[in-house]
Structures are given as C-alpha cells and as structure tokens.
Amino acid sequence: MRHVAVIGSGPAGYYTAEALLKTWGDSVCVDVIDRLPVPYGLIRFGVAPDHQSIKAVYRRYEKVALTANIRFVGNVTVGSDVTVAELRDLYDAVILATGAPNDRPLEIEGGDLPGVIGSAAFVGWYNGHPEFADLDPPLDVSAAAVIGNGNVALDVARILSKTPAEFGGSDIVGHALDSLAGSSIRTIHMLGRRGPHQIAMTPKELGELGHLEDAVPRVDPADFPPQGDDALLEPGMRKSVTHLREFAGMEQGIRSKVVDFDFFAMPVRVEGDGKAERLIVERTRLAEDLRSVGTGETYAIECGLIVSCIGYQTPPIDGVPYEHGRGRFANSEGVIGDGLYCVGWARRGPTGTIGTNRPDGYEVAEKIAADLGDAPSVKQGGLGLDTLLYARGVEPVTFSDWQRIEAAETGRARIGSPREKFATIAEMLGALGR
Ligand code: NAP
C-alpha cells in the first residue's frame, strides 16, 4: 500500500488523485486535504456562477472522491493544523495542489483605499467563499473600473453588468445576487495596458458580452491596428478580435449599462477622500517588443469601485521553497524535494484552462511511482493523520459530511438554481449540526 497526501481539493488535486488511482489501483490510499469544509476549490469559488457548464466538471471529481481508497479530509489547514513536515513523515508522497487563490498586488499609489478590491476577493464574494462573505463592495456608485484584459476581468465585468433575471440557473450566492440587484453601476471601464491584439480573453467568453440583456460593450474603433493585421493572429485570438470589432459597431439603444474597453490604459494612482473616487490612468503605446510604454499623458476615470484582475499567486507555506517573482512553489517539473511535489497553478502559475491541470496530475503520479519503486511503504498514512488531528482537537469534514452540506444547499435553492451556497464556515458546519 502507498500513502499519498494531496493538499487542495480543486481540479489539480482531484486530477492528481485520479492519476494516482490509475497508477496504483487499490494499492494506494489518497487523502485529499482542504482547509475548507467543502471540496472543489476553483470550481466552486473561482469559475463564474453563470458558467454552470464549466462547473459541471465537478462530477468527474466526485466520481474520484467516491472511490473507496480516496478520502476527503476537509476543514484541515496545512500550516497550522498540521505542518508539511509532519505530512512528509506520515505519507510516502505529499503533493501541493493549493492553486493560486491570492491576488497579485496592484502596486500603485492609493491601491489600498477602500473600494479597491482584488479579483480573488471580488470573485470569492459572489461565489460564496467564506473568507469574503463580508466584503460588501461599493455598488452604490455610478461607475466601476476593472483592471486587466484576461478572462477574470471579463467575468467580473459580466457579473457587474447582468440583470437579476440573467442569473437564473446560476449558483451565485444569495448575498451577492441581492447586492447586485440594487447596484447603481452603469459604466464598467475595462482597462487594458496594451491593445486589442494583446488581450488574454478567450473568444467564447468575450462573445458573451455582446449578448447581455441590459448592457452593451463599447470599443473605440481608433484603438485597432489595420484590419489586415488580424490575419497574422492565431485563430482563437483572431476570433476574439473579431468580437471586439463587432463591439465597436454596437449601439447602446435602450440598454442602461456600458462595458467600455479602455485600451492602452495603465492605472497609475487611485485618488479619493478616504475611499476610491477616481482612477488616474496613463495612456500607453506598444513598444517594438509589444510591451506597454507610458506616454506621459494621463486622464481620470471617476469610479467608486476598482477591481484589479491582474493575475493570482500561490500562498507560500512554511518550510516549502517558494519562487517570489512567479508566485508559485520553486519546483523542477513538479518536484520540490524528496517526497514533496506540486501540481496545477501551484506548480505552473495561474495559466491555462481547467483541463490544463490534468496532465500535471498524471506526470506527477508517474514521477512518484518512479521515485518510490517497489519498496514497501513504512508510513502510517491517514491513520497517523487522524490520530494527530484528534489529539489537536481538529474535527475533519469527510466526503459524506460534504454530501450532507450539499444536500442542504440543494434543498434550499432558489427555483432554477442548482444550489443556494452557504457563505460562511459556520453555516457549512451548521448543516452538520456542529
Ligand atoms: P491573465 O489571463 O494572465 O490576465 C491578466 C491580465 O492582467 C492581462 O491582461 C495583463 O496584461 C493584465 N495585467 C497584469 N499585470 C498588470 C498590471 N500591473 N497593470 C495592468 N494590467 C496588468 O489572468 P486572469 O484573467 O487572472 O486568468 C487566469 C487564468 O484563468 C487564465 O488562464 C484564464 O484564461 C483562466 N480563466 C478562464 C476563464 C474561462 O471562463 N474560461 C475564466 C477565468 C479565468 P498584459 O497582457 O499586458 O500583461
């Protein structure tokens, strides 16, 4: 028998557990440990609530989780409840699949004013992440700025633009739905420090902006390079740019909200009297190497909410080597050290689709198999972890506990919604009578 601990129950964690099962079958016991009492990480807390078809991949992870030799060990924080060093003593292999749940900091003057929010917090707030239940973003303002031109910026702009009816069928958390329904925001500025040919948005997601009930995208035709240059783009990017060109011709009509693409716009300062009131932006141009260069010309965008969507970082863990510049664990193709591995965004940084994490899991399973060889395991595995947690008064949440939480969420769902998520740990554990 092999004993493996996977830390993190998001896509990278469950793809890895799946790969370990494929490698060893019944000869491996895998503990998937998560600090929260609920599984699936990015799927539950990152993927937009109105993208249910993407979230449906959790069914695949559920199948893995229900396998006899895979355990979900929720409500256990690695670093405080148990250390990585202790896990390395208990298991043959420890795999960090902790994702990248922290924001890359927006390092500009005034970036710490109330009203300036990182995407991890804002996305976590509307997705029911317990850490952000009390975020209370200012929505009683007429304009918001969303910084970044990636898919997260797109998610945030779309969520700010939708009508309550457009959230039908989503699992947006109740407190966010109520707040958004009363939002006064009418203009959402999407700031890209480069141009339409340098966006990091995928075409399907970008196209959605053109079909909103009460909002319209606006693009300044002057921002585009000559149309002939589109032919040089790779097909996905060309499709995205085609959407942007369509947006440039759209009329607002009777729609009350506008998503205004501000290209060549680099945020330099947030101003306001004790809270964000305006964003000062410098116009940029593209350098030869396609980086953005400031022109010295600035202008102000009046906005009381600023959501910075400029990428994520993996939180460091005590005793684990970390690459600060790239915001991920220091590793060589997933290997951190003897018996310690990483997968997914904790390994590569926050890029790619959910499926991109799958090969990581299979690669690391192969590496572990090669590293361990045929020698029998002398590790205690899950039994040792249970003993240690019991002695520390930590009560883990099992997968069947999670199924009870899930049933309670499903049971109280709004009509048409798959579930009404609990937004605090107290509510989640309350469903278990704790
Ligand atoms: P991302 O794709 O890396 O985009 C980050 C954006 O922030 C870029 O436009 C970047 O511009 C900009 N940026 C970075 N630093 C900046 C700064 N200091 N000032 C201004 N702008 C700055 O990251 P993401 O949007 O967080 O997405 C992470 C991953 O999740 C991506 O792989 C994404 O595709 C995926 N995702 C997918 C979906 C989906 O629905 N399919 C949804 C959400 C996320 P530059 O290009 O100039 O650096």
Side-chain angles (χ1 to χ4, degrees), residues 10-12 41-57 99-111 116-124 126-127 145-159 170 189-209 236-237 239-240 244 261-270 279-287 289-294 301 306-314 325-328 344-357 360:
L42 183 84
I43 302 300
R44 181 175 168 107
F45 297 118
V47 175
D50 56 343
H51 281 171
Q52 287 297 311
S53 58
I54 298 179
K55 285 191 185 239
V57 71
N102 289 3
D103 285 303
R104 279 189 53 211
L106 177 68
E107 285 163 334
I108 60 172
E109 192 187 325
V116 184
I117 298 174
S119 55
F122 193 74
V123 170
Y126 62 64
N127 258 331
V146 177
I147 302 173
N149 268 181
N151 279 327
V152 171
L154 208 44
D155 281 347
V156 168
R158 190 181 68 256
I159 296 294
S170 81
H189 298 272
M190 290 270 278
L191 268 71
R193 60 182 172 180
R194 299 191 289 157
H197 275 200
Q198 286 76 39
I199 58 170
M201 300 162 178
T202 41
K204 183 167 171 285
E205 285 70 23
L206 183 56
E208 285 177 60
L209 270 197
M237 184 62 135
K239 234 171 159 182
S240 290
L244 289 176
F261 283 79
D262 281 19
F263 288 112
F264 305 107
M266 173 63 125
V268 288
R269 189 168 65 253
V270 181
L279 182 60
I280 308 300
V281 174
E282 181 176 8
R283 282 194 202 286
T284 63
R285 60 175 178 78
L286 282 181
D289 61 1
L290 297 183
R291 277 188 308 155
S292 63
V293 183
I301 295 175
I306 297 168
V307 187
S308 157
C309 308
I310 60 170
Y312 294 119
Q313 295 179 330
T314 296
R326 303 177 79 165
R328 61 181 199 189
W345 284 6
R347 168 187 168 176
R348 289 179 283 106
T351 56
T353 64
I354 288 158
T356 314
N357 296 301
D360 275 14

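We count ligands from 1, going down the list as the structure has it; atoms in each ligand are counted the same way.
- Interface of Arg194 with ligand 1, defined as ligand atoms under 4.0 Å from a residue heavy atom, comprises 45 (P), 46 (O), 47 (O).
- Using a 4.5 Å heavy-atom threshold, the side chains of Thr356 and Thr351 count as separate.
- For atom 26 (O) of ligand 1, the nearest non-hydrogen atom of the protein is Val152 CG2, 3.3 Å.
- Atom CZ of Arg328 and atom OG1 of Thr314 lie 9.0 Å apart (nearest 0.5 Å).
- Not one N or O of Thr353 is nearer than 3.5 Å to an N or O of ligand 1, by distance alone.
- Contact annotation: the side chain of Ile301 approaches that of Asp262 to within less than 4.5 Å [non-hydrogen atoms, C-beta and beyond].
- Under the 3.5 Å distance criterion, the side-chain polar atoms of Arg104 are matched with a main-chain donor or acceptor of Ile310.
- The shortest N or O to N or O distance between Asn149 and ligand 1 is below 3.5 Å.
- With sequence neighbours left out, the side-chain hydrogen bond (donor to acceptor under 3.5 Å, both in side chains) criterion links Arg348 to Asn357, Asp360.
- Atoms of ligand 1 lying under 4.0 Å from any heavy atom of Thr351, numbered from 1 in the order shown and given with element: 32 (O).
- Counting protein heavy atoms only, atom 4 (O) of ligand 1 is closest to Gly150 CA, 3.6 Å.
- Considering only non-hydrogen protein atoms, atom 35 (C) of ligand 1 sits nearest to Gly352 O, 3.9 Å.
- Protein heavy atom in closest approach to atom 21 (N) of ligand 1: Ile310 CG2, 3.7 Å.
- In this structure, the side chain of Arg193 does not engage the main chain of Thr284 through any donor-acceptor pair within 3.5 Å.
- A distance of 11.0 Å separates CZ in Phe261 from CG in Leu191, rounded to the nearest 0.5 Å.
- Taking a distance limit of 4.0 Å, we find that atom 11 (O) of ligand 1 is approached by some protein heavy atom.
- Looking at heavy atoms from C-beta onward, Ser240 lies in side-chain contact with Ile199 at the 4.5 angstrom threshold.
- Distance from atom 23 (O) of ligand 1 to its nearest protein heavy atom, with residue and atom name: Gly311 CA, 4.4 Å.
- With respect to atom 48 (O) of ligand 1, the closest heavy atom belonging to the protein is Arg193 NH2, 2.7 Å.
- No side-chain donor-acceptor contact under 3.5 Å links Asn149 to the backbone of Arg194.
- Every atom of ligand 1 with a heavy atom of Ala200 under 4.0 Å away is listed here by number and element: 2 (O).
- Contact annotation for Cys309 and ligand 1: only backbone heavy atoms (N, CA, C, O) come within less than 4.0 Å of the ligand.
- Ring geometry for Phe122 versus Tyr126: interplanar angle over 60°, hence perpendicular rather than tilted (30 to 60°).
- For residues 145-158, every residue pair satisfying the salt bridge (Lys or Arg N to Asp or Glu O under 4.0 Å) rule, not counting sequence neighbours, is listed here: Asp50-Arg158, Asp155-Arg158, Arg158-Glu208.
- Nearest protein heavy-atom neighbour of atom 41 (N) of ligand 1: Glu205 OE2, 3.4 Å.
- Each of the atoms 14 (C), 15 (N) of ligand 1 lies under 4.0 Å from some heavy atom of Arg104.
- Here the shortest heavy-atom distance to atom 37 (C) of ligand 1, taken over Ile147, Asn151, Val268, Leu106, belongs to Asn151.
- For Lys204, the closest heavy-atom approach to ligand 1 does not fall below 4.0 Å.
- With Asn102 contributing its side chain and Gln313 its backbone, the two residues share no donor-acceptor pair below 3.5 Å.
- Residue contacts with ligand 1 include Pro350, since one of its heavy atoms falls under 4.0 Å from the ligand.
- Each of the following atoms of ligand 1 lies closer than 4.0 Å to a heavy atom of Trp345: 29 (C), 30 (O).
- Using a 4.5 Å cut-off on side-chain heavy atoms (C-beta onward), Pro101 and Trp345 make no contact.
- Of the heavy atoms in Asp155, only side-chain atoms (C-beta onward) come closer than 4.0 Å to ligand 1.
- Counting heavy atoms closer than 4.0 Å to ligand 1, residue Glu107 contributes nothing at all.
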